[in-house]
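For ligands, and for the atoms within them, numbers begin at 1 and follow the listed sequence.
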Amino acid sequence: MAFHLSFYKPGQFIFHGGERSDRAYIIEKGAVEILAEDKDEVIHTLTAGELFGEMGVLDQSVRSTAAKAKTQVTLLEIKPGQITDRLTETDPIIQALIGVLLKRLRALLPRNGDGAQADLLSHVASIIEQSGLSKFRLESELRTAINSEKVQTVFQPIVDMATNRVSGFEALSRWLHPKLGVISPFEFITLAEETDMIIEVGSLVFNRAIDLLSQLPDSVFININVSARQLNSSQFLPTLLQRLKAKNINAERLKLEITETMMVDIKQAAQWIERCHQAGFRVCADDFGTGYSGLQQLLELPFDVLKIDQVFIQSVLTKQVNKTLVEAMVSLAKQLGMRLVAEGVEQKSQHELLSQLGVDFGQGYYYGKAMSISDILAQRGQLFDD
Ligand code: C2E
Ligand code: CA
Ligand code: CA
């Protein structure tokens with residue numbers, strides 16, 4: 001965007017109270033006085049490098065103050081979109097905080113005429129504020145839930161396509177909210193990932209997974225989903241190893257799933273995988289085929305397992321292109337020595353086709369939904385033939 005400079009002489013008004021707030025300004029040179037509307041009282045004197053006129057742009061209201069050049073001034077104009085586009089893209093909590101600060105600040109300034117518009121805008125602002133604040137509240141509730149073990153872990157079977165026996169499980173989190181019921185991990189994991197809470201959720205998951213592993217045959221594995229914050233923490237892998245060692249469990253039985261969306265930075269991803277391998281863990285590419293990374297780049301990463309995303313599986317029988325894609329993934333994975341899991345298998349016909357195409361493992365409602373630890377232990381005899 002070409003930037004636009006404007007020039008004012010000493011004493012000249014830049015805007016008056018009550019005018020439309022169509023831009024903000026950064027002072028390049030000189031000094032500007034901000035005046036209480038219709039009075040000559042100077043509220044602030046601003047100098048080079050400072051921003052003004054942004055308040056009306058932020059809440060789309062008319063000017064509640066006036067601005068006058070104190071000296072010869074040069075101003076850089078900021079278009080409303082430059083501010084509002086960023087604001088709407090930002091975290092709702094930040095939007096809410098800005099809304100709250102703006103309201104406080106406005107209360108200190110003289111009022112201006114356009115009451116109807118101001119009411120409408122303050123209504124809009126309060127909706128934004130509410131959604132931001134409700135996210136804040138949810139975050140606090142999640143913190144309590146983690147500490148009170150209301151965040152549960154369930155385990156979905158991963159089945160060997162050739163034998164139809166359960167080979168392992170994927171650990172999935174559930175939040176039992178006292179008022180909202182079961183909250184999907186799609187909602188609260190994202191929330192947890194924005195803060196360090198994901199580290200705590202992650203510890204709950206791997207502690208339970210390790211506990212379950214210690215009660216199942218040695219051939220059974222468990223996959224856990226790991227987030228970037230966990231992989232970036234120097235404590236993560238050593239803690240896992242220590243917990244496994246305490247229960248005398250081989251690291252190969254705990255596989256780490258990394259989603260394709262985390263692999264935007266290929267170098268970073270390669271480092272993560274290498275560190276996991278050095279510690280003795282197997283690594284799975286989760287939601288394979290849905291991310292934006294180039295296929296070739298992705299295949300240079302030494303994954304042990306590819307988990308083909310549900311979107312390909314759900315229409316593998318109805319869309320020829322998806323069948324072709326699955327065939328291509330199978331052939332690539334075989335050449336690279338990787339194992340394959342098909343996710344979201346819901347029907348027998350899907351299972352049969354995938355098995356015929358050479359996919360190693362299946363996961364989905366066709367084989368079973370996620371189960372609690374106690375359900376698995378109760379069915380131990382039927383699930384495994386040891
Ligand atoms: P995901 O890793 O792709 O997990 C598989 C999701 O597909 C699960 O959703 C599972 O319940 C669902 N699913 C399984 N079989 C079928 C099927 O046949 N049909 C359909 N339509 N869906 C099926 P869920 O449990 O809601 O988890 C959502 C996502 O949240 C997971 O996707 C995973 O990325 C993330 N997640 C869950 N728990 C954790 C966790 O403890 N840590 C981290 N970092 N992420 C987690
Ligand atoms: Ca997963
Ligand atoms: Ca997945």
Enquirer: Checking the side chain of Asp375 only, and the main-chain atoms of Met371 only, is there a donor and an acceptor separated by less than 3.5 Å?
Expert: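 Side chain of Asp375 to backbone of Met371, a donor-acceptor pair under 3.5 Å: no, none is there.
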Enquirer: Salt bridge or not between Asp304 and Arg339? Use side-chain N to carboxylate O under 4.0 Å.
Expert: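 Result for this pair is no, no salt bridge flagged.
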Enquirer: Salt bridge between Lys348 and Glu352, side-chain N to carboxylate O under 4.0 Å?
Expert: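 Salt bridge flag = yes for Glu352 with Lys348.
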Enquirer: Report yes or no: is the cationic atom of Lys255 (NZ for Lys, CZ for Arg) closer than 6.0 Å to the six-membered ring centre of Phe221, at no more than 45° off its axis?
Expert: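 Relative to the ring axis of Phe221, which defines the angle, Lys255 lies inside both limits.
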Enquirer: Salt bridge or not between Arg208 and Glu149? Use side-chain N to carboxylate O under 4.0 Å.
Expert: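 Salt bridge: yes.
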Enquirer: Heavy-atom cut-off of under 4.0 Å around ligand 1: list whichever protein residues fall inside it, by chain and number.
Expert: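 Residue list for ligand 1: Gln156, Glu170, Leu172, Ser173, Arg174, Pro185, Phe186, Ile189, Val205, Asn225, Ser227, Asp286, Asp287, Gln310, Gln314, Glu343, Gly344, Val345, Glu346, Gly364, Tyr365.
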Enquirer: Salt bridge or not between Glu19 and Arg63? Use side-chain N to carboxylate O under 4.0 Å.
Expert: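 Salt bridge flag = no for Arg63 with Glu19.
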Enquirer: Answer yes or no: is there an ion pair linking Lys79 with Asp22, defined by an N-O contact shorter than 4.0 Å?
Expert: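 The answer is no: the pair does not qualify as a salt bridge.
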Enquirer: Looking at Glu257 and Lys307, is there a salt bridge between them, counting it only when a charged N and a carboxylate O are closer than 4.0 Å?
Expert: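 Answer for the salt bridge query: yes.
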Enquirer: Taking 3.0 Å as the upper limit, name the protein N, O or S atoms near the Ca ion (ligand 2).
Expert: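 Near the Ca ion (ligand 2), the protein supplies Glu170 OE2, Asn225 OD1, Glu257 OE1, Asp286 OD2.
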Enquirer: Would you call Lys150 and Glu141 a salt bridge, using N to O less than 4.0 angstrom?
Expert: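 Here Lys150 does not pair with Glu141 in a salt bridge, since their nearest N and O are not under 4.0 Å apart.
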